[in-house]
Amino acid sequence: MNTTLHAVADANGRPLSFFMTAGQVSDSTGAAALLDDLPKA
């Protein structure tokens, strides 16, 4: 079994949040889970 780590980082590359999924799960699942964690533009 493998895993995939999805992350949101600020402009300086500092991590803001993480989400871990099973390796066979689509990347869109991780992206959807992190959308609310994006900083406001």
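All of these numbers come straight from a predicted model, not from anything done at the bench.
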For residues 9-20, which side-chain N or O atoms pair as donor and acceptor with protein atoms under 3.5 Å away, sequence neighbours left out?
residue	atom	partner	partner atom	Å
Asp10	OD1	Asn12	N	3.0
Asp10	OD1	Gly13	N	3.1
Asp10	OD1	Arg14	N	2.8
Asp10	OD2	Arg14	NE	2.8
Asp10	OD2	Arg14	NH2	2.9
Ser17	OG	Asp37	OD2	3.2

Please tabulate, for the side chains in residues 22-29, all donor-acceptor contacts under 3.5 angstrom to protein atoms that are two or more places apart in sequence or on a different chain.
residue	atom	partner	partner atom	Å
Ser26	OG	Ser28	N	3.2
Ser26	OG	Ser28	OG	2.9

Quiz item: Does Leu38 have any side chain to side chain contact (heavy atoms under 4.5 Å, CB included) partners at least two apart in sequence or in another chain, and if so, which?
Solution: Val8, Leu35
